[in-house]
Amino acid sequence: MLRIMTRRRRNEELSSVPLPTLAVIGILLGGGGGWLATMPPSEQANLVRDTVAPVNEVVALVRPEPRPFRRFSGCNDARAAGYENIRSDEPNYRADWDGDGDGLACEPHY
C-alpha cells in the first residue's frame, strides 16, 4: 500500500490513502484515462473492486441506522420523543409531516 505523507501538526497521525483510490482520483482530476484503457480487463476489475469497497464502508459509517418504529400522533409528539428530522427511509416517516418535501419530516423549529 502506498502511503501519502502529509505535514502533521503536533500529536496528529500521518494519513494513508490506498493506491487504487489515488488512481481513481487521478483519473477524475487529471482526465488521464488513457493508461486505464491499456490495462488488461482483469486489472481494471481489480482496480474498481478495490476502490468501491472502501467507499461503501464509508457510506455505511456516515449513514445512521433507522430508528425503530413508534406510532406518533403528530410531529410534536415525535419531537418530544427525540424523533426530529425523520428521514424518508425510516419507518416513522410520513409524507404529510414533510412540509417542504425534502425527505425530512418533523424538522425542528428555529
Side-chain angles (χ1 to χ4, degrees):
M1 177 190 310
L2 176 70
R3 291 190 71 121
I4 300 298
M5 305 302 267
T6 58
R7 295 192 77 176
R8 61 180 175 168
R9 297 181 189 148
R10 188 176 307 145
N11 297 329
E12 184 178 343
E13 291 187 22
L14 294 175
S15 62
S16 63
V17 179
L19 183 60
T21 305
L22 288 176
V24 171
I25 290 170
I27 291 169
L28 295 176
L29 294 178
W35 68 271
L36 184 62
T38 62
M39 291 177 74
S42 61
E43 289 183 30
Q44 291 177 6
N46 291 339
L47 178 65
V48 171
R49 185 196 67 234
D50 293 344
T51 304
V52 170
V55 170
N56 290 338
E57 292 172 11
V58 169
V59 169
L61 290 175
V62 172
R63 184 126 192 140
E65 288 291 320
R67 294 172 278 199
F69 177 75
R70 289 183 53 187
R71 190 169 303 278
F72 300 111
S73 62
C75 280
N76 288 336
D77 290 339
R79 286 188 198 103
Y83 279 68
E84 290 181 341
N85 293 327
I86 302 171
R87 298 185 322 267
S88 60
D89 65 336
E90 293 187 68
N92 296 305
Y93 178 82
R94 288 183 42 186
D96 55 328
W97 293 351
D98 186 4
D100 54 4
D102 65 349
L104 290 176
C106 300
E107 296 171 278
H109 298 294
Y110 295 109

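These figures come from a predicted structure and were not determined experimentally.
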Q: Could you tell me which residues satisfy ring pair (Phe, Tyr, Trp, His ring centres under 6.0 Å) with Y93, sequence neighbours excluded, listed by chain and number?
A: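 With sequence neighbours excluded, Y93 shows a ring pair (Phe, Tyr, Trp, His ring centres under 6.0 Å) to no residue whatsoever.
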
For [X] and [Y], work out which heavy atoms get closest and say how close.
X   : Y   : value
Y83 : P68 : OH-O, 3.2 Å
E84 : R67 : O-NH2, 3.2 Å
N92 : W97 : O-CZ3, 3.8 Å

Q | Distance, nearest 0.5 Å, that separates CG of D77 from CZ of R71 | A |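 Answer rounded to 0.5 Å: 12.5 Å.
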
Could you pull out all donor-acceptor pairs under 3.5 Å where a side-chain atom in residues 99-108 meets a protein atom, sequence neighbours excluded?
from: D102; atom 1: OD1; to: L104; atom 2: N; distance (Å): 3.1

